[in-house]
Amino acid sequence: MSTPTGFMDYKRELPADRDPLERIKDWEEFHKHFSDDQLRTQGARCMDCGTPYCHTGMELSGGASGCPVNNLIPEWNNLIYRGLWREALDRLHKTNNFPEFTGRVCPAPCEGSCTIALIGDAVTIKTIEQSIIDKGFEEGWVVPQPPLMRTGKKVAVVGSGPAGMATAAQLNKAGHTVTVYERADRIGGLLTYGIPTMKLDKKVVQRRVDLMEAEGISFVTNAEVGGNVPAEQLMNEFDAIVLCGGATKAREVDIPGRDLNGVHLAMDYLNGTIKSYLDSNLEDGNYISAKDKDVIVIGGGDTGTDCVATALRHGCKSITQFGTVGKAPLVRDNEKNPWPQFPNVYTLDYAQEEAKALYGADPRAFSVLTKKFVGDENGNLKELHTVQIERTVDETGRRIYTEIPGTEKVWPADLVMIAVGFDGPEQTLVQKLGLETDRRSNVKAAYGQYKTSVDKVFAAGDMRRGQSLVVWAINEGREAAREVDRYLMGTTMLP
Ligand SMILES: Cc1cc2nc3c(=O)[nH]c(=O)nc-3n(C[C@H](O)[C@H](O)[C@H](O)COP(=O)(O)OP(=O)(O)OC[C@H]3O[C@@H](n4cnc5c(N)ncnc54)[C@H](O)[C@@H]3O)c2cc1C
Ligand code: SF4
């Protein structure tokens with residue numbers, strides 16, 4: 001334990017992010033760091049409770065509770081308190097291959113289940129995690145660690161998101177020869193094309209890819225397995241295949257006027273901007289621009305939020321984010337949403353904070369259903385027609401949305417992004433390999449085992465569990481590597 005009374009002596013504090021009005025002028029990361037002394041104080045708030053829930057990593061009521069990669073949180077909090085940074089880094093890498101990603105983008109289910117959160121403010125776990133790994137890189141402690149021997153076994157990993165990267169890193173550690181196939185022109189999956197640069201600088205992703213290459217992993221880009229790289233080739237050439245292709249089949253809306261000019265899928269909008277930014281600092285103009293436009297984002301989740309932040313940086317005229325869910329309570333409803341579940345409380349994410357700073361109000365409109373898009377005589381979007389809805393749950397747990405009469409509204413708009421979720425993995429490769437799927441069209445493979453219905457083919461990450469979180473993808477990638485190692489060698493030392 002750091003200090004027995006630290007959680008009473010010190011308040012939870014977070015480093016201030018960059019000023020919202022300043023940061024929307026560029027595409028740089030908005031995170032800032034605490035000093036070592038401030039981090040020591042925050043680490044001192046961890047009481048190393050006898051049964052810490054922060055690192056349990058389970059699903060409760062459909063949300064994550066505790067750390068899905070089972071980070072040894074109380075241990076590194078104590079090491080930071082004692083100034084033992086290098087030891088803290090070693091502890092962190094024991095459970096998480098990529099803390100520089102989770103330290104930046106994880107929603108921190110560990111903090112929701114921190115014991116102090118029962119009666120007060122959780123330990124600042126995520127901030128400490130990012131600081132440990134960032135210091136590790138600054139100090140030159142993170143260096144390539146190639147395996148001492150090779151097993152002669154060859155494994156192909158399809159997809160280079162966090163699940164594919166974690167699988168590759170662990171299998172390489174076990175001495176197998178790993179090739180990662182990625183259909184995009186850059187490695188990283190949604191870490192690269194998905195999550196915007198201001199949340200996760202792509203140099204941070206590339207830095208880890210470079211390390212993995214130096215450790216002996218081969219990455220092949222512009223290589224779509226089941227497309228320009230035949231699936232049979234992999235089946236013939238490799239001893240095992242791990243599918244980590246993600247779940248990015250966009251969910252569509254069935255709303256009249258969907259085909260009007262100016263109505264786009266969120267991922268086309270986000271990825272166009274990221275690619276153009278990385279290729280040419282946005283000078284090639286190959287992206288959908290929100291400049292001077294009235295923008296509406298349909299969808300209240302992470303993807304919608306990233307669209308809001310992107311539109312602000314484009315210089316939109318106005319921004320509104322629709323969600324069908326009602327406004328969350330200001331404090332946790334302990335009956336419906338008890339600790340250690342992920343707390344469902346009203347907060348401003350980075351994009352809403354920026355919009356509020358610029359326009360004076362939270363850009364979200366809650367409990368809104370879009371009824372139709374209306375265009376002008378040239379087929380260009382002009383306005384959205386909506387109605388307020390009430391959400392109830394019937395006795396079987398099914399959600400029912402009821403329109404509230406008299407709440408119809410018309411919203412002027414020239415650009416709309418649809419961010420209403422994803423419908424599982426794309427099916428081309430799944431069908432080519434003849435894989436069984438579950439009822440949500442994800443590749444069927446039991447959690448903890450990762451074996452698909454086809455011999456020597458494994459699946460992990462969003463492709464197996466559906467659109468989720470970076471930290472779950474890392475967890476599944478690590479565990480799938482362990483199962484592949486067991487399959488290849490009959491036994492395994494991987495965690
Ligand atoms: C806009 C957006 C923002 C998000 N923000 C967050 C966040 O802030 N925090 C968080 O924790 N999670 C976030 N998520 C979710 C998170 O990014 C994903 O859960 C995670 O990336 C899944 O990892 P994965 O490796 O399973 O798949 P992905 O990251 O989707 O990677 C799959 C990769 O496989 C490749 N691929 C697919 N098929 C083939 C093929 N046949 N051949 C070769 N390559 C193929 C794809 O091109 C892709 O690069 C966000 C998701 C989105 C869409
Ligand atoms: S990976 Fe996420 S859940 Fe785990 S310690 Fe870090 S912030 Fe918390």
Side-chain angles (χ1 to χ4, degrees), residues 54-57 64-73 76 92 95-96 98-99 101-114 122-130 133 156-167 180-196 199-200 220-229 231 234 243-248 250 266-267 269-271 274 301-307 310 342 349-350 419 421-422 425-426 428-430 432-433 459-477:
C54 56
H55 65 187
T56 47
S65 171
C67 176
V69 287
N70 310 117
N71 272 341
L72 303 165
I73 297 162
W76 37 260
L92 186 50
T95 52
N96 189 351
F98 315 122
F101 304 156
T102 46
R104 285 170 168 77
V105 307
C106 188
C110 53
E111 295 186 5
S113 66
C114 169
V123 174
T124 60
I125 299 168
K126 178 177 161 178
T127 299
I128 292 179
E129 178 177 20
Q130 187 191 341
I133 183 66
V157 176
V158 180
S160 69
M165 286 178 71
T167 307
V180 181
Y181 291 88
E182 170 55 58
R183 76 173 161 202
D185 60 346
R186 290 181 171 88
I187 297 299
L190 291 173
L191 298 169
T192 297
Y193 289 125
I195 299 175
K199 212 168 164 186
L200 176 60
V220 190
T221 50
N222 298 306
E224 180 173 2
V225 178
N228 61 340
V229 179
L234 264 58
L243 303 179
C244 301
T248 47
M267 294 308 283
Y269 175 67
L270 291 175
N271 288 342
I274 296 172
D302 271 350
T303 307
T305 295
D306 291 334
C307 289
T310 301
F342 193 81
D349 204 336
Y350 76 110
F422 297 90
E426 289 161 31
T428 315
L429 180 59
V430 175
K432 286 208 167 151
L433 288 171
D462 282 5
M463 197 167 192
R464 194 203 67 80
R465 69 161 50 226
Q467 187 67 225
S468 180
L469 295 175
V470 169
V471 64
W472 277 119
I474 297 172
N475 159 257
E476 292 214 357

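Counting convention: from 1, in listed order, for ligands and their atoms alike.
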Ile187 and Ser160: which non-hydrogen atoms are nearest, and at how many Å?
CA-OG, 3.5 Å
Ligand 1 atoms nearer than 4.0 angstrom to some heavy atom of Val158 are 40 (C), 42 (N), 43 (C)
Which pair of heavy atoms, one from Asn71 and one from His55, lies closest together, and at what distance?
O-CB, 2.8 Å
Could you tell me whether Lys199 and ligand 1 have an N or O pair separated by under 3.5 Å?
yes
for atom 2 (Fe) of ligand 2, nearest protein heavy atom and its distance come out as Cys106 SG, 2.3 Å
Indicate yes or no: does an N/O atom of Gly461 lie under 3.5 Å from an N/O atom of ligand 1?
no
Number the atoms of ligand 1 from 1 as they appear, then name those within less than 4.0 Å of a heavy atom of Gln467, with their elements.
15 (C), 18 (C), 19 (O), 51 (C)
Closest non-hydrogen atoms of Ser65 and Thr56, given as atom of the first, atom of the second and distance, are O-OG1, 3.7 Å
For ligand 2, which atoms sit closer than 4.0 Å to a heavy atom of Ile73?
5 (S)
For atom 9 (N) of ligand 1, what's the nearest protein heavy-atom neighbour? Residue, atom name and distance, please.
Val105 O, 2.8 Å
Considering only the protein, which heavy-atom contact is closest to atom 34 (O) of ligand 1, and what is its distance?
Gly159 CA, 3.2 Å
Would you please determine whether Phe422 falls within less than 4.0 Å of ligand 1 on a heavy-atom basis?
yes
Tell me: protein heavy atom nearest atom 6 (Fe) of ligand 2, and distance?
Glu129 OE1, 2.0 Å
Mark yes or no for whether Glu182, through its side chain, and Gly188, through its backbone, hold a donor-acceptor pair below 3.5 Å.
no
Sub-4.0 Å heavy-atom approach of Ala223 to ligand 1:
yes
Strictly distance-based, threshold 3.5 Å: is any side-chain N or O of Glu426 a donor or acceptor partner for the main-chain N or O of Thr428?
no
Contact between Ser468 and ligand 1, counting heavy atoms under 4.0 Å?
yes
Among Cys106, Gly161, Ala459, Pro162, the residue with a heavy atom nearest to atom 23 (O) of ligand 1 is Pro162
Specify the protein heavy atom at minimum distance from atom 5 (S) of ligand 2: its residue, its atom name, and the distance to 0.1 Å.
Asn71 ND2, 3.4 Å
Checking Asn271 side chain against Gly194 main chain: does a donor-acceptor pair fall under 3.5 Å?
yes
When only distance counts, is Val225 in polar contact with ligand 1, meaning an N/O pair under 3.5 Å?
yes
Are any of the N/O atoms in Asp462 less than 3.5 Å from those in ligand 1?
yes
Do me a favour and list the nearest non-hydrogen protein atom to atom 37 (C) of ligand 1 with residue, atom name and distance?
Gly245 O, 3.2 Å
Pairs of nitrogen or oxygen atoms closer than 3.5 Å, one from Val470 and one from ligand 1: do any exist?
yes
At a 4.0 Å threshold, what atoms of ligand 1 neighbour a non-hydrogen atom of Cys244?
32 (C), 33 (C), 34 (O)
Any idea which atoms of ligand 1 are less than 4.0 Å away from a heavy-atom of Tyr181?
43 (C), 44 (N)
of all protein heavy atoms, closest to atom 8 (Fe) of ligand 2 is Cys110 SG, 2.2 Å
Below 4.0 angstrom from a heavy atom of Gly194, which ligand 1 atoms are there? Numbered from 1 as shown, please.
1 (C)
Nearest to atom 44 (N) of ligand 1, what protein heavy atom do you find, and at what distance?
Arg183 N, 3.2 Å
Under 4.0 Å to a heavy atom of Thr102 - the qualifying atoms of ligand 2, by number:
1 (S)
Is the shortest N/O to N/O distance between Leu190 and ligand 1 below 3.5 Å?
yes
Using modelled atom types only, decide if a donor and an acceptor are shared between the side chain of Asp462 and the backbone of Ser468 within a distance under 3.5 Å.
yes
Identity and separation of the nearest protein heavy atom to atom 49 (O) of ligand 1
Glu182 OE1, 2.6 Å
Numbered in order shown, the ligand 2 atoms found under 4.0 Å of a heavy atom of Val471 are 1 (S)
Can any side-chain N or O of Lys126 pair as donor or acceptor with the backbone N or O of Ala108 at less than 3.5 Å?
no
Which heavy atom of Asn70 sits nearest a heavy atom of Gly57, and at what distance?
ND2-N, 4.1 Å
Is a donor on one side and an acceptor on the other found under 3.5 Å between the side chain of Gln467 and the backbone of Ala247?
yes
Is Cys67 close enough to atom 2 (Fe) of ligand 2 that one of its N, O or S atoms comes in under 2.8 Å?
no
Closest to atom 3 (C) of ligand 1 among protein heavy atoms sits Asp306 OD2, 3.2 Å
Suppose I only count heavy atoms of Gly246 and a 4.0 Å limit; which atoms of ligand 1 are within that range?
27 (O), 30 (O), 32 (C)
Starting from atom 5 (N) of ligand 1, locate the nearest protein heavy atom and write down its residue, its atom name and how far away it is, to 0.1 Å.
Ile195 CG1, 3.5 Å
Donor-acceptor pair, Asn228 side chain versus Glu224 backbone, under 3.5 Å?
yes
Using a 4.0 Å cut-off to any heavy atom of Ala473, which atoms of ligand 1 qualify?
22 (C), 23 (O)
re atom 25 (O) of ligand 1, the protein heavy-atom contact at minimum distance is Ala163 N, 2.9 Å
Please confirm whether Glu426 approaches ligand 1 to less than 4.0 Å, judged on its heavy atoms.
no
Could you tell me, atom by atom, which parts of ligand 1 come under 4.0 Å of a heavy atom of Leu270?
1 (C)
